[in-house]
Each structure stands twice: as structure tokens, then as C-alpha cells.
Amino acid sequence: MCALTKCVPFAASTASRVLECLMAAPDTFVSGSAIAATLGMSRVAIWKHIRALRAQGCRVDACRNRGYRLVGKPDLPTHDAVRAFLHTQKMGRALLFFREAQSTNLLLGQQAAAGAAEGLVVVADHQTAGRGRMGRSWFSPAGVNLYCSILLRPMVGLDRVATLPLVVGLAVARALETVAPGLGVAIKWPNDLHTGGRKIGGILCEMASEPDGVSHVVVGIGINVNLCRSRLPRALSGLATSLTMETRRTFSRAELLANLLDALETFYSTWCAQGLAPFLPDLASRDALKGRTVQIEQGGHHVAGKADGIQADGTLALRQPDGSCLSVCSGEVHLTGLDADEAAAASAPAASRQKKNPTLPYRRNL
Ligand code: BTN
């Protein structure tokens, strides 16, 4: 595992300020002395920062007597590249980038246990053991996708924390639609991002609690960005998609992450103050399951019905054939071809258990 950039302090790193100067004049040469004058440093120092940016994957042309020119947008989500796009106060101002990591959730969990501050982000270009929900692995090839984890320390009760993944989902949807206007991102309750009926991203929130409340939440986000259809494993074919597959364009992962952090910072502060209520209209308009016949699996139990919207407490309303409604807290949702009556009949034991206790239990993995 190799950290390309170490955790950097809050103050702007100089390389990212050099990058901002180049980004302010897209596809144009900017003289080294002009950058040096703007940033109050020597041309030799500027050259060193240009080399550092190149080592982070930025394409910077150098031409004698003309200066430096950035070609395209920086892609690799290093600290310098992300902060050149970032507008947040806190989220992502400290960021650890890894060329390779087992799992960004694992690394960030370790940082959290060691006392890291809220807003720390861990990003990897490649994960060797990316974690998905329900103990699954997350397909994490190098060079194409975004794998990041964000540390939150919400001072709210467990009930509200259970709704956090939905708000994160809205922030991811907002970020995707900012870089790809017109994409149309839906949320498949509880944690999946879909576009065109296929999964483009997933969220894995892992919480640590103390007797007096929540200690921290590691918000893990995986987004398929520049992944081509030919690199998709057969098992995911027809189920997964990427920004590139949807638009035939390539995207800057650094810009996407910065947009995500911008949206999340705003949404998170609203959610801390007011809970899920302000987000319900957006959730309703992005609800991929509304009116669909589904089967929900949790801990070996199945319950079926017709999805009837995301409720104020973040649970999924599941309409039963007799007209009653179950509130489902968590689980794996399968769309079924069966109508609600048949599906409910197929899962009668689980459904009757649900009626006695209409809310499924809270889980540590949100
Ligand atoms: C899902 O199963 O849909 C959730 C997938 C979450 C994957 C992301 S990738 C970054 C972070 N690190 C991990 O190991 N998992 C999450």
C-alpha cells in the first residue's frame, strides 16, 4: 500500500494552488514567472510543484518562453487535484490518497479509531478488497472508478443515523448530475444509485457506537466512472453501468469527488439540524422502487410486497396484498416479476412475522 500524498494540513497546499492557476487558463500556456508572482514564490519552486503534479497524473506541457499548459482536467483524485475543484469548509480538506488500498473503509475506520477529525477522506485508485453491502466484495479496478470513504461524527441519535445513507445517496446523485447534466440518477432504497435501470454506484456506511451514542460513521462510496463495458465482469453485465457507458465521455474523478464533497457538506449540515424531512421530496422523485413489486431479504428472511415510498423515518413502506403496510429498516431489495399477491404468498412466514413487529431491526451496517 503506497500513500502518494500524506494527510495535509488545512492550509492550501502549494501544488494545488499552482494547479488552480493552470486551470484558470484552460488549454493555454501560463508563464512560470506569472504563476511565481501570483503565488509569491520562485520559478524553481513552481517547477518543483509542476513535477509533483505530473507525478499525480496531471498532464502539464512545458514550453520554453511560453510556460506551462494543463492538458485536460486532472483525473486522479489526489489531494492537490481534488482541492483545486473543492469549495467545502471541512469535507475533504484533509484527504489521504492511495494508489492501492485493501479498502478505503478499512483505512478510514483505522484513522477514525485513532481520533481523526470529521471530514477526513480516504481515496484509492484501486482496492484489493473493496467491501460491498451484505458481506459482498466491490469490483475495484485501477484507473477508472472512484472509491472513497468520508469520516462523519454526527451528534445525533441512532434513529437519525439510520437515515444518513439516503442523504449520502442524494449527494452522490447531485454530484453525478452536476458533471453529467441530464443523466437522471435514481436511488434504489436503501443504498444504491441507479441510472437507466442499472447500478452506477453504491454506498456502505459503517457505524461505530459508544454507550452514549454514535462515535463515528465511515461513509464508503463506490462510483463507476470511466469503466468501459469490456472491463465489466460477466457477473455484473446487464446490472452495472458507469458514467462513460451512459454518456460515451470520460470524466475527471477529482472533479466528481469535489462535487460530491461540496454536495455532502451542504446536505449533511441540513440533515444534522433538521433530519430527513427536507430531503423527502427529492427522495420521492428519485425513488427507483416506487410501485415496484419487490422481495426484501434480511438475515435469511424474505418479505415481499409493493414498494410504496420512502417514509419520514427513512424506512421503506411495503404495501401488502391486504392493504396493510410494513416498514422495512434495511435489507437487500430484489425486484421480482411476480405481482405483490404472489410474492407475498411466497414469503408468508416472514410477512406474518413482520406484522407482529412491523419494523425490521437496526443494523450496524447502515
Ligand atoms: C454496495 O454494496 O453497493 C456498497 C458498495 C460500497 C463500495 C465502496 S468503494 C469505497 C468504500 N470502500 C469499500 O471497501 N467499500 C466502499
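As the structure lists them, so they are numbered: ligands from 1, and atoms in each ligand from 1.
- Of all protein heavy atoms, the one closest to atom 5 (C) of ligand 1 is W138 CE3, 3.3 Å.
- Close contacts of ligand 1 with D192, meaning ligand atoms under 4.0 Å from a residue heavy atom, involve 3 (O).
- Within ligand 1, the atoms closer than 4.0 Å to a non-hydrogen atom of C148 are 10 (C), 11 (C), numbered from 1 in the order shown.
- Under 3.5 Å, the side chains of S324 and Q320 contain no donor-acceptor pair of N or O atoms.
- If you run side chain to side chain contact (heavy atoms under 4.5 Å, CB included) between L318 and each of V294, D308, V333, only V294 comes through.
- When the shell of 6.0 Å around CZ of R248 is examined, it contains 12 or fewer heavy atoms from other residues, nucleotides or ligands.
- Residue contact check: G130 has heavy atoms under 4.0 Å from atoms 14 (O) of ligand 1.
- Among the atoms of S103, some N or O lies under 3.5 angstrom from an N or O of ligand 1.
- Looking from atom 11 (C) of ligand 1 to the surrounding protein, the closest heavy atom is T104 OG1, 3.2 Å.
- The main-chain N or O of T104 is found under 3.5 Å from a side-chain atom of Q127 such that the two form a donor-acceptor pair.
- Of all protein heavy atoms, the one lying nearest to atom 9 (S) of ligand 1 is Q127 NE2, 3.4 Å.
- With hydrogens left out, the protein atom closest to atom 6 (C) of ligand 1 is R131 O, 3.6 Å, a heavy atom.
- The minimum heavy-atom distance linking A15 with D80 is given by the pair CB-OD2, 3.3 Å.
- In this structure, the protein non-hydrogen atom closest to atom 3 (O) of ligand 1 is K199 NZ, 2.6 Å.
- Within a 6.0 Å sphere centred on NE2 of H334, other residues, nucleotides and ligands contribute more than 12 heavy atoms.
- What you find for E265 and M91 is that their closest heavy atoms are OE1-N, 2.9 Å.
- Contact atoms of ligand 1 toward I203: 4 (C) (distance under 4.0 Å to a heavy atom of the residue).
- Nearest residue to atom 2 (O) of ligand 1 from R136, R133, Q102, M134 is R133 (criterion: closest heavy atom).
- A salt bridge links R286 to E177: at least one charged side-chain nitrogen sits closer than 4.0 Å to a carboxylate oxygen.
- The ligand atoms of ligand 1 that sit less than 4.0 angstrom from a heavy atom of G220 are 11 (C), 16 (C).
- Between Y147 and ligand 1, no N or O atom pair is found at a separation short of 3.5 Å.
- D262 and T88 share no side-chain donor-acceptor pair at under 3.5 Å.
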